[in-house]
Novice: 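This is the structure, below, for whatever I ask next.
Each ligand, and each atom within it, is numbered from 1 in the order the structure gives.
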Amino acid sequence: MTGSKYLVQHDGKSLMVDCGLFQGYKQLRLRNWTPLPILPNHVNAVVLTHAHLDHSGYLPLLVREGFHGKVWCTPGTRDLCGILLPDSGHIQEEDAAFANRHGFSKHHPALPLYTQEDARDSLKQLRTVPAHHLFEPIHGWQARLHGAGHILGASSLYLEVGGKRLLFSGDLGRSDDLIMLPPDPPPAADAVFVESTYGNREHPGDNLVDELAGPLERIAARGGTAVVPVFAVGRAQALLHAIAVLKQQGRIPTSLPVYLDSPMAIHSTELFAQHLGEHRLNAAQCRDMAHAATMTRTPDESKAIALQHGPKVILAASGMATGGRVLHHLVQYLGDHRNMVILTGFQASGTRGATLANGGTQLRIHGQDIAVRAEVLQLHSASAHADARQVMNWLRAIPGQPHRAFVIHGEQEAADTLRQRIENELRWHAMVPEHGSTWAV
Ligand SMILES: [Zn+2]
């Protein structure tokens, strides 16, 4: 889970598929500091399936350490990387500065993994290619990106090299997503690399609008504050759209104040109008979504939200409460039972989001233990990932019979459950590769 990086090698050339950061447990995050098993200047090209940091967030480091090839992706992914990567550099710099102020780090001074400037430099190597167009990331290697739903620009990668056809699912969206289109039907392949975030789970049948209605009515009625940790890209927009619909239908008061407290989420929301046709919303719905909340851009505007009395809803990043403005809101509102925390997607083990989802009664934020008295809910229909049934349907739609499936990008139990289903129901060879292992396909 997280830190997605796959190296495809043939005839002395190397292509990296995704270039992600490890997130979550400290043990996992420390992997970001370990040198790669290949020198960055020996990588010939990179293809990004999508812009989430666990798939793109290592790119600034790869470039700074000597990678000078092209990074192929869709226009949507390029636009989102332009928002996400510099922000990630900014967070790395802030974390290092914080560690230096408080003497947390064994290293003096603590250095950022990379800076905002490194991130901006790496963006110059992005090259866009529309979905369904053949391109050659390396001379003689045929590649094509197919829509994967999930978030704007997200794709699966089809790669043909040395007579083999490889298919990387990327992160697959759900077929019934509120705002994103379903994943495209997959092409034929010899080997498939399939994500398994929800490999052992199925989403309940509710839709996001209905699931959100009850909790927001309760918050409005009891005068509390709902803090909603959101993934700035993707889920923030789905929630805004759902809130706009609920207000239009009169199911929640139109006067209920809603804040989108994340400059990144605000930018991503604006991008939806520039990528019509790549999601389910029309121009009018994009406008309504953008007007569904008060956008707070500056830190002062963010702090001023706390001065607002009465019921309100605050959407703020990050989605697993690992950092960002949502932490200040959690400190402010967790201690009162009238308030609510609404978790909106997958919560990786080791994150504050997972602690809350598992009923934790205390949360450590900024070196302080905060008592959890607020009601905590997890919305299952807010996930941006296909569930196990939808992943199996996607796999079943691959024409012919891939001779091998590699089950990747999931926590161990989820990956192993999906592996068993593939073996039992599809009768393909399936395996969960170890971190750092090498296979001939
Ligand atoms: Zn993703």
Novice: So how far is it from Leu178 CG to Gln237 CD, rounded to the nearest 0.5 Å?
Specialist: 11.5 Å

Novice: Find out whether Gln401 and Ile398 are in side-chain contact, i.e. whether some heavy atom of one side chain is under 4.5 Å from a heavy atom of the other.
Specialist: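 No - every pair of side-chain heavy atoms lies 4.5 Å or more apart.
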
Novice: What do you reckon, are the aromatic ring centroids of His385 and Phe346 less than 6.0 Å apart?
Specialist: no

Novice: Which residues satisfy the side chain to side chain donor-acceptor pair (under 3.5 Å) test with Thr74, sequence neighbours excluded?
Specialist: Thr77

Novice: Using a 3.5 Å cut-off and no angle test, enumerate the donor-acceptor pairs between side-chain atoms of residues 41-48 and protein atoms at least two apart in sequence or in another chain.
Specialist:
unit_1 : atom_1 : unit_2 : atom_2 : d
Asn44  : OD1    : Ser14  : N      : 2.8

Novice: Provide the full list of side chain to side chain donor-acceptor pair (under 3.5 Å) pairs with a residue in residues 139-155, sequence neighbours left out, each pair given once.
Specialist: His50-His150, His52-His150, Glu136-Gln142, Arg144-His146, His150-Asp171

Novice: Go around the Zn ion (ligand 1) and count every protein N, O or S atom nearer than 2.8 Å.
Specialist: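 For the Zn ion (ligand 1), the figure is 4.
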
